Amino acid sequence: MVRIPGDYIGVYMQKTKILLVEDEEDIASLIKFQAELDGYRIHIESDGLNGLLAVEKENPDIILLDIMLPGLNGLDFCRKVKNHPQHHAIPIIILSARTEEVDVVLGLELGADDYVPKPFSLKVLFSRIRAVLRRGKEGEKETKTIQFGEFVMDAEKYILRKNDKPISLTLSEFGILRRLLLNRGQVLTRNQLLDDVQNDEAFIIDRNIDVHIASLRKKLGPHFEGIETVRGIGYRFKEEE
């Protein structure tokens, strides 16, 4: 019998666990191979109902989810997980051949953290996995001060400074910018950003996120390019290079 030293057991137990819900065996096998090569633990289910049971049993760190699944489709799966009081914080990356704008928007609106179109490269997929997991760890910390470039945001005092000079933002602009910063690299739909719009401001009647983004860009300066428009979906704050 081979005895494994305690330190090695500890390392193994700390490995990130992926739950893959995918009914195409070839794709599942390739992802499994790459996951194990990169040091992840992975559990695979081929239908949505067993996938939901696996969420309870396996308690994964991240879920990779196909949309076209037998038993329970991926969108309903995503909705159930994100509405669950214990599992809603588990990040979900949707993998799908359905790449129409409406499908991507719907997946993100239901709470998916990313949407990767098929076919995809394994290198890109696992880069996305690392990015989503990194954002999750950063989000667990109570972020009071956020720095980006020459700017520093004090999230508690609602103050934004550039080179120690204050920049005047409305509450809505501040909330939208903070949400984008806390989700760097992730596309947020306009409806997701509506949560950060303050109802007591005069020009919020039509809930026009684009107006706020345009105002934010103007106040951040003509050379500021951190906020990207993702056509037909929403906005994203660039990840730091």
Side-chain angles (χ1 to χ4, degrees), residues 78 82 88-89 91-94 99-117 124 127-128 131-132 134-241:
C78 184
K82 290 301 181 179
H88 67 91
I92 295 176
I93 297 179
I94 290 178
T99 56
E100 293 296 323
E101 181 180 296
V102 64
D103 295 314
V104 179
V105 170
L106 182 56
L108 294 172
E109 292 286 4
L110 288 173
D113 296 82
D114 204 347
Y115 197 108
V116 178
V124 169
S127 175
R128 298 280 191 95
V132 168
R134 185 168 61 248
R135 287 198 298 266
K137 288 178 181 177
E138 289 170 356
E140 288 172 2
K141 302 172 186 175
E142 236 182 280
T143 309
K144 297 179 181 178
T145 302
I146 307 171
Q147 185 165 1
F148 57 105
E150 303 169 304
F151 300 88
V152 176
M153 170 183 278
D154 187 325
E156 282 193 331
K157 297 180 180 178
Y158 287 84
I159 296 173
L160 178 68
R161 291 187 175 90
K162 179 180 180 181
N163 296 325
D164 289 331
K165 294 180 180 179
I167 296 174
S168 178
L169 298 181
T170 66
L171 286 176
S172 292
E173 291 165 357
F174 193 95
I176 290 169
L177 179 59
R178 181 175 181 274
R179 173 74 74 90
L180 288 168
L181 284 167
L182 290 175
N183 294 276
R184 294 186 203 209
Q186 180 179 350
V187 181
L188 298 178
T189 66
R190 288 170 175 81
N191 281 344
Q192 286 173 317
L193 291 171
L194 285 178
D195 294 339
D196 300 288
V197 172
Q198 302 295 318
N199 293 319
D200 56 353
E201 292 184 24
F203 67 86
I204 305 301
I205 299 172
D206 63 354
R207 310 282 252 178
N208 193 336
I209 290 296
D210 298 333
V211 172
H212 294 291
I213 294 292
S215 178
L216 260 176
R217 284 171 169 160
K218 185 176 180 180
K219 291 179 179 181
L220 292 171
H223 303 296
F224 182 79
E225 298 179 347
I227 300 174
E228 297 180 306
T229 300
V230 181
R231 189 175 179 181
I233 300 175
Y235 296 94
R236 168 176 54 209
F237 199 98
K238 285 184 181 179
E239 287 194 277
E240 291 181 337
E241 296 180 356

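Note that the structure is predicted; figures quoted are calculated from it, not measured. Because only heavy atoms are used, hydrogens play no part in the values below, and waters and symmetry mates are left out as well, while side chains stay in.
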> Of all residues at least two apart in sequence or in a different chain, which pass the side chain to side chain donor-acceptor pair (under 3.5 Å) check with Glu150?
Replying inline: none
>> Per the salt bridge (Lys or Arg N to Asp or Glu O under 4.0 Å) rule, what does the pair list look like for residues 211-220, sequence neighbours excluded?
In response: Glu173-Lys219
> Within a strict 4.5 Å, meaning less than it, do heavy atoms of the Asp114 and Ile94 side chains meet?
Replying inline: no
>> Quick one, Glu239 and Arg134 - any side-chain contact, counting heavy atoms below 4.5 Å?
In response: yes
>> How close do Ile209 and Arg190 get, counting heavy atoms only, and between which atoms?
In response: CG1-O, 3.6 Å
> Roughly how far apart are Phe151 CZ and Leu220 CG, rounded to 0.5 Å?
Replying inline: 5.0 Å
>> Could you tell me if the side chain of Ile146 sits less than 4.5 Å from the side chain of Leu182, heavy atoms only?
In response: yes
>> Less than 4.5 Å apart, side chain to side chain, heavy atoms only: is that true for Phe237 and Leu177?
In response: yes
> About how many Å separate CD1 of Ile167 and CE of Met153, when rounded to the nearest 0.5 Å?
Replying inline: 9.5 Å
> Looking at side-chain heavy atoms only, is the closest gap between Leu180 and Leu193 below 4.5 Å?
Replying inline: yes
> Closest heavy-atom contact between Thr229 and Tyr235?
Replying inline: OG1-CE2, 3.3 Å
> Got a second to check how far Ser168's OG is from Leu160's CG, nearest 0.5 Å?
Replying inline: 10.0 Å
>> Apply side-chain contact (heavy atoms from CB on, under 4.5 Å) to residues Gln186 and Arg236 and explain how you reach the verdict.
In response: CA-CA 6 Å; Gln186 180 179 350; Arg236 168 176 54 209; 5.9 Å; no
> Quick one: side chain to side chain donor-acceptor pair (under 3.5 Å) partners of Asn183, sequence neighbours excluded?
Replying inline: none
> With a 4.0 Å cut-off, would you call Asp113 and Lys82 a salt bridge?
Replying inline: yes
> Considering residues at least two apart in sequence or located in another chain, which fulfil the side chain to side chain donor-acceptor pair (under 3.5 Å) criterion with Tyr115?
Replying inline: none
> So Phe148 and Phe224, would you call those rings parallel, tilted or perpendicular, with 30° and 60° as cut-offs?
Replying inline: perpendicular
>> How close do Ser172 and His212 get, counting heavy atoms only, and between which atoms?
In response: CB-CE1, 3.7 Å
> Of all heavy-atom pairs between Cys78 and Gly111, which one has the smallest distance, and what is that distance?
Replying inline: SG-C, 4.4 Å
> Could you state the interatomic distance from OG1 (Thr189) to CD1 (Ile233), rounded to the nearest 0.5 Å?
Replying inline: 9.0 Å
> Nearest heavy-atom pair of Glu228 and Lys238: which atoms, and what distance?
Replying inline: OE2-CE, 3.2 Å
> What pairs with Phe174 under ring-ring contact (aromatic ring centres under 6.0 Å, His included), at least two apart in sequence or on another chain?
Replying inline: Tyr158
> Under the 3.5 angstrom rule, does the side chain of Gln192 hit a backbone N or O of Leu108 as a donor-acceptor pair?
Replying inline: yes
> Considering residues at least two apart in sequence or located in another chain, which fulfil the side chain to side chain donor-acceptor pair (under 3.5 Å) criterion with Arg161?
Replying inline: none
>> Tell me if the CG atom of Asp164 is crowded by more than 12 foreign heavy atoms within 6.0 Å.
In response: no
>> On a heavy-atom basis, which atom in Pro91 and which in Val132 lie closest, and how many Å separate them?
In response: CB-CG1, 3.4 Å
